[in-house]
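Structure first, then comments.
Because only heavy atoms are used, hydrogens play no part in the values below, and waters and symmetry mates are left out as well, while side chains stay in. These numbers come from a predicted model, not from an experiment.
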Amino acid sequence: MKVTLISTVLNCVERVEPFLASLAAQTRAPDEVVIVDGGSTDGTAERLRADGRVTVIDAPGANISAGRNRALAHAAHEVIAATDADCELAPEWLAAIVAPIEAGADVAAGFYEPIPDGFVQSCVAALNLPLAASEVDPATFMPSARSVAFRREAVEAVGGYPEWLDIGEDMWMNHRWRQRHLDIRFAPDAVVRWPLRPDLASTWTQYFGYARGDALAGLYPQRHALRFAVYGGLAAALVSDRTWPKLLAAAGAIAYARTPVRRSWARLGGGAERAAAIAAVPALLAFTDAAKMAGYATGFARLLAARAP
């Protein structure tokens, strides 16, 4: 099978070099590479064009969905592998992500790992990202667009990527594929490594945007409702004049933070950092949950306003 590798990019020239190096190191080279640039002003597009393997399409102002649709329209082959141009691909990534497609699957869901830089990023990585593929349930795993492959007809069957959705488009696509009972197979050896947001402000923006996209796309309403209920119950327990609600809330908080703390300990080497993670991880959990609640409320309000007429 011939494979087109597609990606979108915007202003990440410092990450392009590791991406291109990992692309060159693939044990199976893509037959074509198409990257859509959303209007970079930092030299990203120029650096990509300097690599003779890459076709760069300029699409100023295009969001990720529009960029992927443009890349698909330009792709010459029927098997598509997708990633992000700020990531680093394991040498066997393309071979591993395409193998399920060659075996008859409609979609191949690859794995992905963070590239944490320092203590805070290691703790943030522990919040939602599994340490290893063994933590993943292949039957329910939802692939990220940074590590996925599919047949072209799988995207065409759902009308392409949703250009009305600025973020969370890959989860929207995953749900459409699941609803259509497409053959989605987990490819644990197809590993992509990606950098985390550099500071707490951009981390807030990231999780706010994810949750806002969930609200606009109608994704995970029960999960978000449960989060509001849990924190509402926690607030009620803290202001209660009884002891048992506080004890119950403390036990629940320990159980909630246990898995992220365990993951952070695995990523952190020193004893002092591990001790600090016991306090930092729950605080970061609350921080990102607050971002998610704010984002979901904002998206839901926009959705209601759009439906009001």
Side-chain angles (χ1 to χ4, degrees), residues 3-77 80-91 93-94 97 110 112-118 120-121 124-125 129 144-149 160-161 163 165-170 190-210 213:
V3 182
T4 297
L5 174 63
I6 68 168
S7 184
T8 59
V9 71
L10 178 65
N11 289 332
C12 64
V13 67
E14 72 283 355
R15 294 296 311 166
V16 165
E17 206 64 50
F19 167 74
L20 291 174
S22 70
L23 183 61
Q26 292 298 293
T27 57
R28 171 176 179 166
D31 299 281
E32 179 185 42
V33 181
V34 179
I35 299 180
V36 174
D37 182 85
S40 295
T41 57
D42 66 347
T44 295
E46 289 77 8
R47 176 62 191 92
L48 288 169
R49 282 195 174 91
D51 189 299
R53 298 163 296 178
V54 179
T55 297
V56 179
I57 300 173
D58 293 315
N63 64 12
I64 296 173
S65 289
R68 291 204 181 104
N69 287 337
R70 288 283 300 273
L72 285 168
H74 192 91
H77 307 304
I80 309 295
T83 189
D84 291 334
D86 63 348
C87 292
E88 298 174 25
L89 314 174
W93 175 75
L94 188 64
I97 200 73
Y112 44 89
E113 299 173 347
I115 307 175
D117 183 12
V120 173
Q121 287 193 7
V124 171
L129 300 174
S144 165
R146 70 178 65 92
S147 185
V148 69
Y161 282 93
E163 298 188 14
L165 189 59
D166 289 332
I167 193 168
E169 75 296 328
D170 50 357
V191 179
V192 166
R193 302 181 71 235
W194 59 289
L196 301 182
R197 296 296 191 273
D199 51 49
L200 289 179
S202 55
T203 299
W204 173 281
T205 301
Q206 178 187 29
Y207 282 95
F208 180 96
Y210 285 158

Minimum side-chain heavy-atom gap H77-V34 below 4.5 Å: no
Non-hydrogen side-chain atoms of D84 and Y112 separated by less than 4.5 Å: no
To the nearest 0.5 angstrom, please state how far the CZ atom of R53 sits from the CG atom of L48. 10.5 Å
Find out whether I97 and T83 are in side-chain contact, i.e. whether some heavy atom of one side chain is under 4.5 Å from a heavy atom of the other. no
Using a 3.5 Å distance criterion without hydrogens, assess whether the side chain of E169 forms a donor-acceptor pair with backbone atoms of I64. no
side-chain contact (heavy atoms from CB on, under 4.5 Å) partner of R47, chosen from V16, D42, V54, V56: V16
Within-4.5 Å side-chain heavy-atom neighbours: R146 and D170: no
Please determine whether side chain to side chain contact (heavy atoms under 4.5 Å, CB included) holds for the pair R28 and V3, giving the CA-CA distance in whole Å, both sets of side-chain angles, and the decisive distance to 0.1 Å. CA-CA 10 Å; R28 171 176 179 166; V3 182; 3.7 Å; yes
Working to the nearest 0.5 angstrom, can you tell me the gap between D199 CG and T205 OG1? 8.5 Å
Separation between CG of D117 and CD1 of I115, rounded to the nearest 0.5 Å: 10.0 Å
Looking at every heavy atom in both L94 and Q26, which two are closest together, and how far apart are they? N-OE1, 2.9 Å
In short, G209 meets I167 closest at the heavy-atom pair O-CG2, 2.9 Å
For residues L72 and I6, determine if any side-chain heavy atom of one lies less than 4.5 Å from a side-chain heavy atom of the other. yes
What's the spacing between T44 OG1 and I35 CD1 if we round to 0.5 Å? 10.0 Å
Taking C-beta and beyond as the side chain, do V9 and F19 meet within less than 4.5 Å on heavy atoms? no
Nearest non-hydrogen partners of L23 and P30, listed with the distance: CD1-CG, 3.9 Å
If every non-hydrogen atom of S40 is compared with every non-hydrogen atom of A45, which pair is closest and at what distance? CB-N, 4.5 Å
Looking only at heavy atoms, which two atoms of G67 and V36 are closest? And how far apart? O-CG2, 3.2 Å
Is the backbone of R197 close enough, under 3.5 Å, to the side chain of Q121 for a donor and an acceptor to pair up by distance? yes
For a 4.5 angstrom cut-off between non-hydrogen side-chain atoms, does T8 reach R68? yes
Nearest heavy-atom neighbours spanning R70 and A59: NH1-CB, 3.6 Å
Separation between CG of D58 and CG of D37, rounded to the nearest 0.5 Å: 6.0 Å
Please check this pair: side chain of S147 against backbone of S144, looking for a donor-acceptor N/O pair closer than 3.5 Å. no
Check the angle between the aromatic planes of F208 and W204 and answer parallel, tilted or perpendicular using the 30° and 60° thresholds. parallel
Short side-chain to backbone donor-acceptor contact, N63 and E163, under 3.5 Å: yes
